[in-house]
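These notes are about the structure you will find just below.
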Amino acid sequence: MCEDAVSQRLLAWYDINARKLAWRVGPDAWRAGQRADPYAVWMSEIMLQQTTVAAVDKYFRRFTTLWPDVHALASAKDADVMGEWAGLGYYARARNLLKCARVVSGEWGGVFPGTRAGLQALPGIGPYTAAAISAIAYDRPETVVDGNVERVMARHFAVQTPLPKAKKDLTDLAGAETPEHRPGCYAQAVMDLGATICTPRNPACGICPLSKTCLGRARGIAAELPRKTPKKPKPTRRGIAYLARRDDGAWLLEDRPARGLLGGMLGWPTEGWDGTDDGAPMPANWQDVGVEVTHTFTHFHLRLQVLATQVPQGANPARGNFRALRPADLPTLMRKAFDASQRYFDQSEPDTLG
DNA sequence: CATCCGTGGCC
DNA sequence: TGGCCAAGGAT
């Protein structure tokens, strides 16, 4: 390996510029012999799937405080884990997080496997995450390929083929750069570079440690790469949410099905947007709160009408049940509907009517 | 290989 | 404002 190799320049850059992250063993501590906790690496990598560092930080601290090791997490109640994940999105990750913790705790004695194949056999761990845990937590020379690595490779080698077709070529190029020494630091270095220097828009080529060999920059097309096949436009769906508050302060809520949109999460009874069309959950004096909720999912826009009502004790809903609400347990769409309803419920406070 | 699955920030 | 983007996986 020549001293001017991509990996050596990236590691030298990383040793100085590594971001300080709650789940990371920085380069100084790493060279002093400290190693990352596989549990923490796994937790962070699951949270970081399609999600930014800024969004993950708070959740990572909360989860590792509540459940410091994989045995503790494996013993947690499903509703507690789903509630803590609320707001982070892609809720299948939370369901698989629990499944995985229970497998590792029950069948692996609490020790995560170190091989890529062993890791990838676990729920919620795919090719990227398996390579990341193997490299970062176990110092194995696995090649990590995420969106950052794809972008860095596409630019450095001026790959013009659009994604996702270019995926294999980019993976091969990344594999050829992966060093035998410090592969975990290297993996984090490429991803840090992609997140801070080789960014999707306005890359900071002037301070990039790879600029002198970057073909994309030499050809003046770095910022245009990687090319991507155009995406389909998002359709707009419409639906209705029903928010009922009982006189004692309990709310009519339902547990959503374990699969599909917001699967496994807490929600208001709704209709018309997620494949269900059951109508109102109970007969009542439903009032439009006057504020339409808008929300965008991965593949469609949603405009949600919010209907609200106050009902007496003894009300008997056809679906869902009345219970105490912790608003933080709601996924963002349901939280928006709750917020939109507050004007209605503020003016219908029993003690303001008398 | 295509589709489904959240959310917040950015320009 | 709306489309794009982020440390992807499951089916």
Side-chain angles (χ1 to χ4, degrees), chain A residues 19 21-24 40-60 82 85-97 99-100 119-133 135-137 142-152 163-168 171 174 184 186-196 198-203 223-224 226-237 256-265 267 274-275 294-302 330-336:
Chain A
R19 290 185 292 173
L21 306 174
W23 49 86
R24 170 178 287 176
V41 173
W42 164 71
M43 177 79 74
S44 67
E45 291 297 345
I46 299 299
M47 290 181 168
L48 286 163
Q49 289 168 4
Q50 297 296 101
T51 309
T52 58
V53 165
V56 164
D57 184 67
K58 182 179 69 173
Y59 285 84
F60 176 83
M82 300 310 291
W85 197 277
L88 196 55
Y90 282 134
Y91 298 99
R93 293 184 297 171
R95 303 195 298 271
N96 285 326
L97 187 84
K99 284 184 192 172
C100 183
L119 286 161
Q120 201 170 329
L122 294 167
I125 299 182
Y128 162 76
T129 306
I133 297 171
I136 297 170
E142 298 290 353
T143 300
V144 171
V145 183
D146 70 336
N148 288 310
V149 177
E150 289 176 349
R151 186 169 58 256
V152 170
L163 285 167
K165 188 179 180 183
K167 174 85 175 180
K168 185 184 184 306
T171 299
Y186 170 77
Q188 295 175 92
V190 189
M191 294 191 284
D192 267 23
L193 187 84
T196 63
C198 195
T199 49
R201 289 177 294 240
N202 303 318
E224 303 168 20
R227 302 198 190 282
K228 298 190 176 181
T229 55
K231 295 172 182 175
K232 291 182 179 178
K234 292 180 202 243
T236 297
R237 298 185 190 174
R256 296 183 58 78
R259 311 176 59 144
L261 278 161
L262 309 180
M265 297 300 291
D274 61 353
T294 62
H295 192 72
T296 298
F297 290 94
T298 310
H299 52 295
F300 65 92
H301 303 291
L302 175 61
L330 293 170
T332 299
L333 170 67
M334 301 298 176
R335 179 60 185 268
K336 286 181 180 176

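Residue numbering restarts at 1 for every chain, and letters A, B, ... go by the order of the sequence lines.
- The distance between atom NZ of A/Lys234 and atom P of C/dT1, rounded to the nearest whole Å, is 17 Å.
- Across all strands shown, A/Leu21 has heavy atoms under 4.0 Å from base atoms, whether or not it also approaches the sugar-phosphate.
- Among the protein residues, A/Gly260 comes within range of the sugar-phosphate backbone only, with heavy atoms under 4.0 Å from sugar or phosphate atoms but none that close to a base.
- Ring centroids of A/His299 and A/Phe297 are separated by 6.0 Å or more, keeping the two rings apart.
- Looking at heavy-atom distances under 4.0 Å, A/Ile125 makes contact with sugar-phosphate atoms alone, never a base.
- Taking the side chain of A/Leu262 as heavy atoms from C-beta on, and the options B/dC5, B/dT7, C/dA10, the nearest nucleotide is B/dT7.
- Side chains of A/Thr332 and A/Lys336 form a contact here, defined as non-hydrogen atoms less than 4.5 Å apart.
- Rounded to the nearest 0.5 Å, atoms OG (A/Ser44) and CG (A/Asp57) are 11.0 Å apart.
- Look at A/Tyr91 and you'll find a side-chain N or O under 4.0 angstrom from OP1 or OP2 of B/dT7.
- Contact annotation for A/Arg151: backbone-only contact, meaning every heavy-atom pair under 4.0 Å involves sugar-phosphate atoms and none involves a base.
- A/Thr332 comes within contact range of the sugar-phosphate backbone alone, with a heavy-atom separation under 4.0 Å but no base atom that close.
- A donor-acceptor contact under 3.5 Å is not formed by the side chain of A/Thr52 with the base of B/dG9.
- The residue A/Thr129 sits close only to the backbone: its heavy atoms come under 4.0 Å of sugar-phosphate atoms, none of a base.
- Counting heavy atoms from C-beta outward, A/Thr129 and A/Leu119 have side chains that stay 4.5 Å or more apart.
- Residue A/Gly194 is classed as having no contact, given no heavy-atom separation below 4.0 Å to the nucleic acid.
- Here B/dT7 is the nucleotide among B/dC5, B/dT7, C/dG9 with the atom lying nearest to any side-chain atom of A/Phe297.
- Comparing A/Lys165 and A/Leu261 against DNA chain B, the residue whose closest nucleotide sits nearer the 5' end is A/Lys165.
- Within 4.0 Å of A/Lys336, counting heavy atoms only, lies no atom of the nucleic acid at all.
- Spacing between atom OH of A/Tyr90 and atom C1' of C/dA6 amounts to 10 Å, rounded to whole angstrom units.
- Rounded to an integer number of Å, the gap from A/Asp274 CG to B/dC5 C1' is 13 Å.
- A/His301 has a side-chain polar atom (N or O) that falls below the 4.0 Å cut-off from OP1 or OP2 of C/dG3.
- Annotation: of the two residues near DNA chain B, A/Arg201 and A/Gly89, the 5′-most nearest-nucleotide partner is A/Gly89.
- When the P atom is used for both C/dC4 and B/dT3, the distance is 16 Å, rounded to whole Å.
- With the nearest nucleotide of DNA chain C identified for both A/Thr51 and A/Arg259, A/Thr51 has the one nearer the 5' end.
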| Criterion side-chain hydrogen bond (donor to acceptor under 3.5 Å, both in side chains) on A/Arg24 and A/Gln188, from CA distance to verdict | CA-CA 9 Å; A/Arg24 170 178 287 176; A/Gln188 295 175 92; 3.0 Å; yes

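- Residue contacts for A/Pro331: at a heavy-atom cut-off of 4.0 Å it reaches the sugar-phosphate backbone alone, with no base atom in range.
- Mapping A/Met191 and A/Gly124 onto DNA chain C by nearest heavy atom places A/Met191 closer to the 5' end of the strand.
- Checking the phosphate oxygens (OP1, OP2) of B/dA2, no side-chain nitrogen or oxygen of A/Lys232 falls inside 4.0 Å.
- Computed from coordinates, the A/Met82 CE to B/dG6 C1' distance equals 12 Å when rounded to whole Å.
- As judged by a 4.0 angstrom heavy-atom cut-off over every strand, A/Lys167 is placed among residues making no nucleic acid contact.
- In this structure, CG of A/Leu330 is placed 11 Å from P of B/dT7, rounded to the nearest angstrom.
- Protein atom CE of A/Met47 is 15 Å distant from nucleotide atom C1' of B/dG6, rounded to whole Å.
- Note on A/Arg95: nothing from the nucleic acid sits closer than 4.0 angstrom, heavy atoms only.
- One finds a side-chain N or O of A/Gln50 lying less than 4.0 angstrom from the OP1 or OP2 phosphate oxygen of C/dG8.
- The distance from atom CG of A/Leu88 to atom P of C/dG8 is 12 Å, rounded to the nearest whole Å.
- With a 6.0 Å radius and a threshold of 12 heavy atoms from other residues, nucleotides or ligands, A/Lys234 has its NZ atom above the threshold.
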| said: Pair A/Gln49, A/Tyr128 - check side-chain hydrogen bond (donor to acceptor under 3.5 Å, both in side chains), show working. | reply: CA-CA 9 Å; A/Gln49 289 168 4; A/Tyr128 162 76; over 6 Å; no

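- Here B/dC11 presents its C1' atom at 9 Å from CG of A/Asn202, a figure rounded to the nearest Å.
- Side-chain nitrogen and oxygen atoms of A/His295 include at least one within less than 4.0 Å of the OP1 or OP2 phosphate oxygen of B/dT7.
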